[in-house]
Protein chains: 2
Amino acid sequence: MKIKADSKNFGSVLRRRGLRLTRSREIIWEEIHRHPEIHRNAADIYRSLKKKGYKISLATIYRTLNLFVETGLARSEDLGEKHSHFEPDTPGAIHGHLICLTCGLVKEFKEEKLREELEAISHYFGFKLSKYSLQIFGFCDKCSRYTIKEKSKS
Amino acid sequence: MKIKADSKNFGSVLRRRGLRLTRSREIIWEEIHRHPEIHRNAADIYRSLKKKGYKISLATIYRTLNLFVETGLARSEDLGEKHSHFEPDTPGAIHGHLICLTCGLVKEFKEEKLREELEAISHYFGFKLSKYSLQIFGFCDKCSRYTIKEKSKS
DNA sequence: TTTAATGCAAACATTTTGCACCCTG
DNA sequence: CAGGGTGCAAAATGTTTGCATTAAA
């Protein structure tokens, strides 16, 4: 838990851009750091904060998350559902996701070799890699033990 | 152009499932095969067919594309825009996309080594790989020659 | 104080759906 | 000619935005 250190960095990133460090932004920042491995969507975050007694509108959640993404403080991922999922963006934390098509389990993985390979591919096609998004869909250990596959309702 | 052969397969896939081979389905099938490398969204396909004189509703386009995806005849990709893009799904054609953040150019690539690597990663985490989705965002050769980067309006 | 940030509701964009009618098998 | 397929319009979803109000700096 180095939320403190992150928070400090978070504040300075905003200040450097002339943006304000508001209570709402702090709360949302802390919320997405609480379980960074669980990539949450805007509505989840909204409900979660409401339950904790914070009255932050969904519009503000969206504006704040987008602002985090634009300033490089967070990233937005498409995990095969219709909404976006958000996660803190720590430098060098580029990774992929394994997603179970049965139970919806999401597991992060990070492979340095893979990163090098993607950079080589980009280079080969004359592209300058900026970021990548990699999702592997399949069936997790537990779910692939059963023959009957049911659709998860995400 | 082996649309003919594909069409035949297309018909039998439907029949095998007790689905009907309608004119609409044929037209949409041919349309997504016309330039399979250009991944198009539902609205594009709708406009394109309308221009050609086919009166197929957007609802049918969606229902048909979803049906194609469910039966494994096509795949749906998220290329960083708010809508989905569709492409024919030929077996073994699993690939990634390089997407230029400036001009929107989309280039497909296929790397056998990469596929093996992803399979190894899945295996390591106890996942059975079913499909994957890989997007590399960056700047294409042409666009990275200019220092001033403008946002594309996709 | 001044101007960015917020809440609210309305607007948007994309995709899905209910229902009456149509057409394939 | 029965049941799946289609068009149309309405609904559902996820996200953005205009505007008046609030609150950082």
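Labels below follow one simple rule: chain letters A, B, ... track the order of the sequence lines, proteins then strands, and each chain is numbered from 1.
With rounding to whole Å, A:D44 atom CG is found 15 Å from D:dT13 atom P. Look at OH on B:Y54: it is 17 Å from C1' on D:dT6, rounded to the nearest Å. Counting to the nearest Å, the P atom of D:dT6 and the CD1 atom of B:I27 are 10 Å from each other.
For B:H95 and B:E87, the side-chain atoms include at least one donor-acceptor pair closer than 3.5 Å. A donor-acceptor contact closer than 3.5 angstrom is absent between the side chains of A:S133 and A:R75. For B:E31 and B:S48, the side-chain atoms include at least one donor-acceptor pair closer than 3.5 Å.
In this structure, the ring of A:H97 has its center less than 6.0 angstrom from the ring center of A:H39. If you look at B:F109 and A:Y124, their ring centroids are not closer than 6.0 Å.
Electrostatic pairing of A:E119 and A:R115 counts as a salt bridge here, judged by a charged N lying under 4.0 Å from a carboxylate O.
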Would you give a per-nucleotide map of nucleotides 15-25 of chain D, 5' to 3', where B means the base has a protein non-hydrogen atom under 4.0 Å away, S means only the sugar-phosphate does, and - means neither?
BBBB----BBS

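A perpendicular orientation is assigned to the rings of A:F68 and A:F10, their planes being inclined by more than 60° (bins at 30° and 60°).
Protein chain B contacts DNA chain C over a range whose 5' and 3' limits, counting nucleotides with an atom under 4.0 angstrom from a non-hydrogen atom, are C:dA13 to C:dG25.
More than 12 heavy atoms of other residues, nucleotides or ligands sit less than 6.0 Å from atom NZ of A:K52.
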